[in-house]
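First up is the structure itself, then whatever we jot down about it.
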Amino acid sequence: MAIWSAYRHLSISAIAICAILFSGSLVGCSRENDQGPLLMDGALTERGLEEAARITGCADLEMLVAREFNGFMASSSSAQHAFLLEYRPAMLQLCITSGSPSDLKAPAFIAEMERSRATDMYVMKVPRTDEGNEKAVDEEFLLYLSNAAVKDLVEVVGEDTVECAFVHLETTPAIGPYHHMILGFDSPQDGKQRKIVWHDGSGLLGKDLVFEFKAGSFDQYEKILAQALMNSSSMP
């Protein structure tokens, strides 16, 4: 749970940086860029391939994931609410919480990443205020998120279904229009395709919600991570 603890104690400035990097408003995240369409069926853009070969630090990795992988964002909506979901691979999460180190080969950094890779983590963005067509959740829904949502959430990894291990509703100061809900699953991170299914066991969602990520993105991220670690290991 070290990665969860690190996230929970983010400074306000770090959370702000996180919001900028991984919000849907990031330029290029959900649109085409000057190299053509973003990640399609697991294939990086030409610019993305070039940058992947040069990754040696956190800043490089963060920007590549933000642009090429749409920030690892997925969305799903019911008649009443719209939700955003961010996948947080271990290296990316550590980069955010550690102040963007430039040395990915640091032994302590690598050791913490390997420990964290035993748990898949996501951040669910739940409407805090009315904005556009999104309806803010009420106190009953927040109580459900804090106490009962864990039993309704599952992660589908390839052909396997994994029950949610923990849910934590953030109590940090409000930044932006969303509550942040951390989801943890006891499944090792790898290149298999993933999706989150949120069953409407409570009757508060209006229907079951499914969060799906672009095909091939997890496999491509694992390859990029291996390249980044190899690049760092070859640095003097």
**Report entry** Verdict with reasoning, Tyr221 to Leu61, per side chain to side chain contact (heavy atoms under 4.5 Å, CB included)
**Finding:** CA-CA 10 Å; Tyr221 173 80; Leu61 183 65; 4.1 Å; yes
Requested in this report: Show the numbers, then the answer: is there a side chain to side chain contact (heavy atoms under 4.5 Å, CB included) between Val167 and Leu145?
Outcome: CA-CA 8 Å; Val167 169; Leu145 293 179; 5.5 Å; no
Report task. Check step by step if side chain to side chain contact (heavy atoms under 4.5 Å, CB included) holds for Lys214 and Asn70. Result -> CA-CA 9 Å; Lys214 192 174 293 295; Asn70 194 25; 5.9 Å; no
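The line from OG of Ser76 to CG of Leu85 is 9.5 Å long, rounded to the nearest 0.5 Å. Atom NE2 in His179 sits 13.5 Å away from atom NZ in Lys125 (nearest 0.5 Å). With rounding to the nearest 0.5 angstrom, the CG atom of Leu142 is 10.5 Å from the CD atom of Glu140. Between atom NZ of residue Lys223 and atom CD of residue Gln220 there is a gap of 5.5 Å, rounded to the nearest 0.5 Å. In this structure, Phe211 CZ and Leu183 CG are separated by 8.5 Å, a value rounded to the nearest 0.5 Å. Note that CE of Met121 and CD of Glu86 are 9.5 Å apart. Values are rounded to the nearest 0.5 Å.
In the model, Ser187 has a side-chain atom that pairs as donor or acceptor with a side-chain atom of Glu155 under 3.5 Å.
For the pair Ser217 and Phe69, the tightest heavy-atom approach, listed with the atom from each and the gap, is O-CE2, 3.2 Å. Residues Ala90 and Ser116 approach most closely at CB-CB, 3.7 Å, considering heavy atoms. In this structure, Leu209 and Ser78 approach most closely via the heavy-atom pair CD2-N, 4.0 Å. For Ser77 against Ala82, the heavy-atom pair with the smallest separation is OG-CB, 3.5 Å. In terms of heavy atoms, Phe109 sits closest to Met91 at CE2-SD, 2.9 Å.
Here Tyr178 and Phe83 keep their ring centres 6.0 angstrom or further from each other.
Taking a cutoff of 4.0 Å between a charged side-chain nitrogen and a carboxylate oxygen, Glu222 and Arg117 qualify as a salt bridge.
Side-chain atoms of Gln193 come within 3.5 Å of backbone N or O of Phe213 as a donor-acceptor pair. Between the side chain of Gln189 and the main chain of Thr119, a donor-acceptor pair closer than 3.5 Å is present. Proximity of a side-chain donor or acceptor of Asp200 to a complementary backbone N or O of Leu205 within less than 3.5 Å is detected. Formation of a donor-acceptor pair under 3.5 Å by the Glu68 side chain with backbone atoms of Thr45 is found in this model.
Annotation: side chain of Val157 is in contact with side chain of Asp190 (closest heavy-atom distance under 4.5 Å). Taking 4.5 Å as the limit, every side-chain heavy atom of Glu170 sits out of range of all side-chain heavy atoms of Met181. In this structure, the side chains of Leu225 and Leu92 stay at 4.5 Å or more apart for every pair of heavy atoms. At least one side-chain heavy atom of Phe72 sits under 4.5 Å from a side-chain heavy atom of Pro89.
When the side chains of ILVMFWY residues are joined at heavy-atom separations under 4.5 Å, either directly or via intervening members, Val154 and Met124 end up in two distinct hydrophobic clusters.
Each of Val162, Val210, Val197 was scored for a side-chain contact (heavy atoms from CB on, under 4.5 Å) with Val156, with one residue passing: Val197.
Using a 30° and 60° split on the angle between ring planes, Tyr87 and Tyr122 fall in the tilted class, from 30° to 60°. Ring geometry for Tyr144 against Phe141 counts as perpendicular: the plane angle is over 60°, on a 0 to 90° scale with 30° as the lower cut.
For Glu163, the CD atom counts as loosely surrounded, since its 6.0 Å shell holds 12 or fewer non-hydrogen atoms of other residues, nucleotides or ligands.
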